[in-house]
Amino acid sequence: LSCARKLVDAKVDIEAVNRSGMSPLWTAVYKGHKEMVSLLVNAKAELENGMNDENTPLLKAVAEDHVDIVRILVDTKANVNACTHVRKCALEIAALYCNSTDVVNILIDAKAHVDVRNQKNQTALMAAALLGKSGIVQALLNANAEVNAKTMNNDTALLYAALSGDVNTASLLLSAKATVDAETNDKTTALMRAACNTAADLVEYMLLVVRDHFRESSASDVDSETRACDVSPQKVSHNGVTKRGYDELTEDESKRTKTA
């Protein structure tokens, strides 16, 4: 750090990049060197210069789950709504790669757009739901994420949650009024997806929800709001059934839809 400080004081070009497009700030972020990041930020390093015009330092810090560095960059007014060339923005990247809600909450507090869509109309909430990250799902719902947003394949967060096999994630989404009988383009429902994996607890829960949903939708002596959203299953641990990236999932299902 002392050497770097002397170089900065000597007015070295802090925006120089190597053949891979990596600047000193981007490299420090990648390596998780918090003190170096602070030094370069204080020297007015450009915050939005990404590696080969993509993956800004903030996006890289989010992807690496470097909480302290994310905070430094956000406090220095890095663009929390910057996106990659496929329109993956900071919150979606956080939902995919961060293990806790720390980075997500920093971005939300900095006014990151919660419902930004990528090229396939997928949102951060969908990413968190697919991976069964109930804490991040809750944080996004608290920030008023659109629970019934749809992808190009008509996937919703609940349909992705059914793949994860996580009851707690599904429960949170249903409590936020997720549409229980939503269907993809090939007529796949959340219950069908839950039945395809080994998460028997989620299948049992979805059966209760679907049963109550259709019972109440045909009854005339009940409130218009479904009791399905009031079902509170016990907290259940499970073995993750599928961790395929939701990009691959959508591509596979789109192909099946076209050939059906």
Side-chain angles (χ1 to χ4, degrees), residues 54-56 58-67 70 80-179 182 184-185 188 190 193-194 197 199 202 238 240-254:
E54 191 184 338
N55 288 347
T56 65
L58 178 60
L59 294 180
K60 187 59 179 176
V62 170
E64 298 294 334
D65 203 5
H66 293 324
V67 179
V70 169
V80 295
N81 291 305
C83 297
T84 69
H85 72 287
V86 291
R87 295 213 308 269
K88 285 189 184 297
C89 295
L91 268 178
E92 183 185 355
I93 292 171
L96 286 168
Y97 298 109
C98 295
N99 294 317
S100 73
T101 60
D102 293 342
V103 168
V104 171
N105 286 329
I106 291 171
L107 295 170
I108 289 173
D109 290 344
K111 310 302 181 187
H113 299 155
V114 177
D115 289 317
V116 173
R117 311 293 187 92
N118 64 23
Q119 284 186 336
K120 297 178 182 178
N121 270 3
Q122 295 160 322
T123 66
L125 183 63
M126 294 174 190
L130 175 65
L131 297 177
K133 297 182 178 181
S134 57
I136 293 178
V137 167
Q138 183 67 75
L140 292 168
L141 291 174
N142 289 345
N144 298 315
E146 185 180 350
V147 70
N148 287 310
K150 294 183 178 181
T151 69
M152 295 168 62
N153 190 50
N154 272 337
D155 269 301
T156 65
L158 182 61
L159 281 157
Y160 281 129
L163 280 171
S164 78
D166 188 64
V167 176
N168 301 310
T169 296
S171 177
L172 288 170
L173 294 168
L174 287 163
S175 295
K177 312 301 182 186
T179 302
T184 63
N185 288 344
T188 298
R193 282 187 172 170
N197 61 41
L202 179 58
H238 64 88
V241 178
T242 176
K243 295 301 180 185
R244 283 195 306 160
Y246 69 164
D247 291 325
E248 297 175 18
L249 172 70
T250 304
E251 289 172 2
D252 291 348
E253 294 199 349
S254 294

[atom1]-[atom2] distance between [X] and [Y], expressed to the nearest 0.5 angstrom:
X: Leu140; Y: Leu107; atom1: CG; atom2: CG; value: 10.0 Å
X: Met152; Y: Gln122; atom1: CE; atom2: CD; value: 9.5 Å
X: Leu159; Y: Leu130; atom1: CG; atom2: CG; value: 11.0 Å

Closest non-hydrogen atom pair between [X] and [Y], with its separation:
X: Ala94; Y: Val103; value: CB-CG1, 4.0 Å
X: Ala127; Y: Leu96; value: CB-CD2, 3.8 Å
X: Thr188; Y: Arg193; value: CG2-CG, 3.6 Å
X: Ala110; Y: Val80; value: O-CG2, 3.6 Å
X: Val137; Y: Ala128; value: CG2-CB, 3.7 Å
X: Ala145; Y: Leu125; value: CB-CD2, 4.2 Å

Would you say [X]'s side chain and [Y]'s backbone share a donor-acceptor pair under 3.5 angstrom?
X: Ser164; Y: Ala161; result: yes
X: Asn153; Y: Asp155; result: no
X: Ser175; Y: Ser171; result: yes
X: Asn81; Y: His113; result: yes

Quick note, disulfide (SG to SG under 2.5 Å) partners involving residues 88-179, not counting sequence neighbours, are Cys83-Cys89

With sequence neighbours left out, the residues meeting side chain to side chain donor-acceptor pair (under 3.5 Å) with Thr156 are none

Asn105 meets the side chain to side chain donor-acceptor pair (under 3.5 Å) criterion, sequence neighbours left out, with Thr101

In the structure I gave you, are the side-chain heavy atoms of [X] and [Y] within less than 4.5 Å of one another anywhere?
X: Thr151; Y: Tyr160; value: yes
X: Val116; Y: Thr123; value: no
X: Val86; Y: Asn118; value: no

Going by atom types alone, do Thr179 and Asn148 pair a side-chain donor with an acceptor below 3.5 Å? yes

So the salt bridge (charged side-chain N to carboxylate O under 4.0 Å, His left out) pairs with at least one residue in residues 134-150 (sequence neighbours excluded) are Arg117-Glu146

Residue pairs meeting salt bridge (charged side-chain N to carboxylate O under 4.0 Å, His left out), one or both in residues 102-116, sequence neighbours left out, come to none

Contacts satisfying side-chain hydrogen bond (donor to acceptor under 3.5 Å, both in side chains) that involve residues 127-144 (not counting sequence neighbours) are Gln138-Asn142

Per-pair distances, 0.1 Å, donor-acceptor, side chain in residues 59-66, under 3.5 Å, sequence neighbours excluded:
residue : atom : partner : partner atom : Å
Lys60   : NZ   : Glu64   : OE2          : 3.1
Asp65   : OD2  : Asn99   : N            : 3.2

